[in-house]
Number of protein chains: 2
Amino acid sequence: MSGSRPPGERETAHADRETHSRAERKERTRQRLLDVTFRLIGDRSLASISLREVAREAGIVPTAFYRHYASMDALGVELVDESMRPLRQMIRDARRGRVVHGDIIADTVKILAKQVREHPDQFWFLTRERSGGVDAVRRAIATELRLFTSDLTVDLARLTAGYDWSTDDLEMAAGLMVSAMLSTVVDLLESDARHPEDASALLDRAERQLRLIALGMGAWRSKP
Amino acid sequence: MSGSRPPGERETAHADRETHSRAERKERTRQRLLDVTFRLIGDRSLASISLREVAREAGIVPTAFYRHYASMDALGVELVDESMRPLRQMIRDARRGRVVHGDIIADTVKILAKQVREHPDQFWFLTRERSGGVDAVRRAIATELRLFTSDLTVDLARLTAGYDWSTDDLEMAAGLMVSAMLSTVVDLLESDARHPEDASALLDRAERQLRLIALGMGAWRSKP
DNA sequence: GATTTCAGTGCACGCTTGTTCACTGACCAG
DNA sequence: CTGGTCAGTGAACAAGCGTGCACTGAAATC
């Protein structure tokens with residue numbers, strides 16, 4: 001009952017005996033540990049996954065785990081970095097989309113949906129561990145989200161140039177948008193798991209929410 | 001942080017030997033199981049807390065646990081109910097506040113802040129397990145949040161009477177408000193743990209976010 | 001007073017956990 | 001060819017886990 005994985009993604013390796021150098025094989029095993037943990041994260045929290053389970057799934061003996069990471073927590077921190085890659089990609093895409101097309105909001109929501117659809121395990125991990133058990137992991141995610149918000153703040157500043165918005169208010173609006181998108185991500189993940197046909201309704205809702213915020217911003221007057 | 005329990009105070013099942021009826025004592029133990037779990041939840045996720053640990057802290061033998069709950073998951077579900085009490089209280093307060101005072105938004109935020117301040121453990125539990133490991137618990141919280149949203153939808157319907165909002169749009173707006181408040185709760189909890197002086201800034205931000213949404217709603221026109 | 005109920009006990013079981021340790025043997029540099 | 005490096009092995013450990021079972025004894029019911 002492994003999670004739904006999109007085709008074309010890196011498959012978990014089988015034992016490849018004769019292939020390549022030692023360093024290469026080590027890197028391969030390391031990657032397999034990350035992949036396997038991602039798969040296990042699909043159902044459960046990081047804190048409830050055991051070192052032995054990860055090792056077992058990766059096809060190595062428990063003690064060999066320590067050749068790669070000092071603990072599961074250390075692996076978890078690396079996992080955050082790994083999961084942030086699609087998120088960063090998302091932001092880049094969104095920025096590019098803004099330049100090319102006209103409808104910022106529709107494009108943003110589409111890109112969000114695409115990323116969540118293509119990397120559900122990563123988003124599961126991020127939403128789950130955002131308030132989850134391991135401290136270092138939680139902090140890493142919070143930092144990344146703050147960066148996301150401040151990027152969005154900059155974009156909003158550009159869009160509201162001439163309407164004398166205070167930085168504080170811009171951050172407030174950006175934070176609201178991020179909140180809306182985060183809760184959309186959670187909803188998408190949970191609906192995808194149960195009845196995938198709801199996705200478009202959720203996306204429509206998200207789009208209207210962002211549009212509502214935009215309307216509000218049109219009527220807003222910042223106070224110094 | 002660690003529980004604030006004086007040393008040597010661990011109450012056992014038969015400590016109150018002479019007091020009260022059997023049914024009363026059972027209820028007492030049951031409540032102790034819930035309380036103990038709340039305390040343990042302060043630091044960690046529900047999935048990482050063992051039945052034996054809860055029983056030990058509650059002063060009963062592990063097998064006696066089954067006289068009250070079929071599993072830790074079942075206890076978790078009841079814990080959701082227990083934690084939702086302050087939230088429900090909050091909603092009632094907010095409703096009453098709406099009748100008495102003028103400024104709905106300011107009152108709502110104040111009530112939210114008060115509840116979070118007074119019941120941090122419960123809110124920690126809810127935010128942590130909202131995307132957490134145990135399935136039944138996650139679903140119970142989702143259900144409760146949906147109820148919250150639909151209550152708010154009704155309120156918004158009353159406030160927007162005459163502006164022909166569709167139910168779908170009302171739910172959309174209510175969902176946005178709930179998202180904003182949820183993220184405020186998370187921020188409050190995490191700031192309270194580290195530097196409690198930020199709370200008022202966060203609350204100010206939350207108030208402006210809700211006001212921004214209200215402004216957006218004033219400019220919104222529902223489409224059939 | 002006799003009988004039933006049942007919250008809590010105590011032991012035992014089979015299993016999983018993280019971590020230690022000495023080891024093997026394929027790779028790679030000299 | 002020789003010797004070192006080191007990813008992966010396999011046995012062993014102490015501890016903790018969930019749960020089954022026969023039990024005790026006080027309270028509730030008759």
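In what follows, every chain begins at residue 1, and chains take the letters A, B, ... in the order their sequences are listed.
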* What is the distance, rounded to the nearest whole Å, between atom CD of B:Glu24 and atom P of C:dC6? -> 17 Å
* **Spacing of A:Tyr69 atom OH relative to C:dG18 atom C1', expressed in whole Å** => 18 Å
* Structure fact -> Sequence neighbours excluded, the answer for salt bridge (charged side-chain N to carboxylate O under 4.0 Å, His left out) partners of B:Glu27 is none
* To do: Classify the side-chain pair B:Gln89/B:Arg92 by whether it contains a donor and acceptor separated by less than 3.5 Å.
  => yes
* Which residues share a salt bridge (charged side-chain N to carboxylate O under 4.0 Å, His left out) with A:Asp204, sequence neighbours left out -> A:Arg208
* Which whole-number value in Å describes the distance from A:Arg28 CZ to D:dC6 C1'? -> 19 Å
* Asked: Over how many whole Å does the gap from A:Lys26 atom NZ to C:dG25 atom C1' extend?
  -> 17 Å
* Classify every nucleotide of nucleotides 14-25 of chain D by which part a protein heavy atom approaches to under 4.0 Å, writing B for the base, S for the sugar-phosphate alone and - for neither, in 5'-to-3' order. => ---BBBBB----
* Only counting residues at least two apart or in another chain, list the ones meeting salt bridge (charged side-chain N to carboxylate O under 4.0 Å, His left out) with A:Arg52. => none
* Asked: When you check the phosphate oxygens OP1 and OP2 of C:dC27, does a side-chain N or O of A:Arg25 lie under 4.0 Å from one of them?
  -> yes
* Specify the separation, in whole Å, of atom CD of A:Glu27 and atom C1' of D:dG8. => 16 Å
* With sequence neighbours excluded, what pairs up with A:Asp187 under the salt bridge (charged side-chain N to carboxylate O under 4.0 Å, His left out) test? -> A:Arg205
* Structure fact -> The complete set of salt bridge (Lys or Arg N to Asp or Glu O under 4.0 Å) pairs with one or both residues in residues 60-79 of chain A, sequence neighbours excluded, reads A:Arg30-A:Glu78
* Could you give the CZ-to-C1' distance, from B:Phe65 to C:dG10, as a whole number of Å? -> 19 Å
